Amino acid sequence: GLESPFDRWTLVLRPVDPGPAFREEFLGKVESLSVVSATLFVGGDDHAALGEIGLADTDSATHFSYSVASPFPYAQAMRVVALSEGVSLVEDTAMALATLARQLGGRTLGLFTSLARMREVAERLEVLLEGEGLEILVPLRASDDPGGLVERFRRLQGAAVMLGSRRYWQGIDVRGDDLQAVVIEKLPFDVPTELRRRRDLRLRAAGEDPFARASLGRMLLHLKQMAGRLIRSETDRGMVVIVDARPDRGYFRRLADAFPDGVAIERAGLEDLPRIAGELGLGTPRRLELKSTHATIDGIDGH
């Protein structure tokens, strides 16, 4: 029943449950397998990362999991802020990015769940940051390799705002003071698809709550990966800002599972971001020196 030309059509098959095929075709043919990642566990649970391939929630004597604490001093080096509700998602995200970029001299990464909103925010930032001497780095296509843009960000020594969507949620490694803030536009829930619906039906048939077990777990895993772009070494410091954190939803209290122990989520407004950045000692030495000079000049004029 397909219409000509037939070579424009593609048949794509994806298993609802890839676990059995993975275990039979791969796991059953190796002597051992080690899975190592900084984002395997969310609140002590590895189901979001490993559940779909059947490596989680097993009582097999040949399988075990182990969580090792991070050596990074997160409690002292990291702050997480859930922004108070503002004008609109695009405007609030643009304002958060612009506020931090001015305070920090750039050094800001914006992560998005929507390409359309990312481009709208980029256009708004062009206006908000005009004359600040900061570049706004945006991928041309969703499929673009982040490597080139990240390298430009590094060469600018952080004097830029870099925006990215899903490919930027993991694998971005900018160490030191060149990256001091990550702004997350929206909680990264998976987009509903037919495949996701069928997996939810399987979980419900097994007596599980699909939202709590799958949707929420995967969102927290994505959030953990996004926040993980910030602290990349023992000496890094910075802040994560979630623009649409949905504090009115019951699962808001679970957001803490996406962050290291000792890092609390605080509610704050846009006007509080410079204060929080200052409490962490963020910003460039040059910018801090300029602020000190301006304060002295203002004092002399007022005298």
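All values derive from a computational prediction rather than experimental measurement.
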Might you confirm whether atom [atom1] of [X] has over 12 heavy atoms from other residues, nucleotides or ligands at distances under 6.0 Å?
| X | atom1 | answer |
| --- | --- | --- |
| Asp145 | CG | yes |
| Gln157 | CD | no |
| Glu3 | CD | no |

Under a 4.0 Å threshold between the charged nitrogen and the carboxylate oxygen, would [Y] count as salt-bridged to [X]?
| X | Y | result |
| --- | --- | --- |
| Asp272 | Arg267 | no |
| Glu279 | Arg275 | yes |
| Glu123 | Arg119 | no |
| Arg117 | Glu120 | no |
| Asp200 | Arg197 | no |

May I ask you to decide if Pro139's main-chain N or O and Asp144's side chain share a donor-acceptor pair within less than 3.5 Å? no
Taking the side chain as every heavy atom from C-beta outward, state whether [X] and [Y] have any atom pair closer than 4.5 Å.
| X | Y | answer |
| --- | --- | --- |
| Leu255 | Met219 | yes |
| Asp248 | Glu85 | no |
| Pro188 | Trp169 | yes |
| Leu179 | Phe153 | yes |

Please name the residue in the list Lys186, Met226, Glu185, Arg166 that meets the side-chain contact (heavy atoms from CB on, under 4.5 Å) test with Phe112. Glu185
Under a single-linkage rule joining Ile, Leu, Val, Met, Phe, Trp and Tyr whose side-chain heavy atoms are separated by less than 4.5 Å, which residues share a cluster with Val127? none
Hey, can you tell me if Phe189 and Tyr251 have their rings parallel, tilted or perpendicular (30° and 60° cut-offs)? perpendicular
